[in-house]
Amino acid sequence: QEDLDVDISQDFQKSSTEIEKLYLAFTDSQTIQKFLQSVPGSDSGAFSGDSGTVLVNYSRALRLFKSLDEMRIVGVIYNNIGNIHLKEGRYEEALECYKEAIKAAEDEIQQ
């Protein structure tokens with residue numbers, strides 16, 4: 001019996017933007033789940049603990065939500081990344097993240 005498993009990862013880049021976004025959404029669904037579980041009051045460890053790991057997870061979530069044009073969530077992510085940088089004394093990086101959070105909020109308001 002022939003294997004029907006199809007690998008679309010190389011072919012999706014040639015398709016429409018909507019299909020590409022859908023593909024990324026499905027491949028990054030764990031990122032969405034981790035992000036949504038990180039809302040205050042949840043017990044997810046994906047966005048707590050080691051700051052390096054947290055920044056990687058936020059970076060993945062940021063890429064996904066930017067591709068989906070979810071600017072409200074993008075702003076929250078930038079703010080949270082800024083808080084991590086601030087806490088660790090990286091003030092310039094924190095400031096840049098806060099500026100991006102404000103920009104995302106402005107973009108959200110204009111939509």
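These values consider heavy atoms only, across backbone and side chains, with no hydrogens, waters or symmetry-generated copies.
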Minimum heavy-atom separation for R72 to E108, with atom names? N-OE1, 3.4 Å
Quick one, I102 and Y78 - any side-chain contact, counting heavy atoms below 4.5 Å? no
Rounded to the nearest 0.5 angstrom, the CG-CZ distance for L55 and R60 is 12.0 Å
Supply the atom-to-atom distance S59 OG to I81 CD1, rounded to the nearest 0.5 angstrom. 6.5 Å
How long is the gap from CD1 on I73 to CG on L62, to the nearest 0.5 Å? 11.0 Å
Nearest-0.5 Å distance that lies between atom NZ in K66 and atom CE in M71: 7.5 Å
Locate the shortest heavy-atom distance separating A101 from N79; write the atom from each residue and the value. CB-N, 3.9 Å
Should I84 and Y58 count as side-chain neighbours, where that means a heavy-atom distance under 4.5 Å? yes
Quick one: side-chain contact (heavy atoms from CB on, under 4.5 Å) partners of E93, sequence neighbours excluded? H85, R90
Any idea which heavy atoms bring V74 and A104 closest together, and the distance? CG1-CB, 4.1 Å
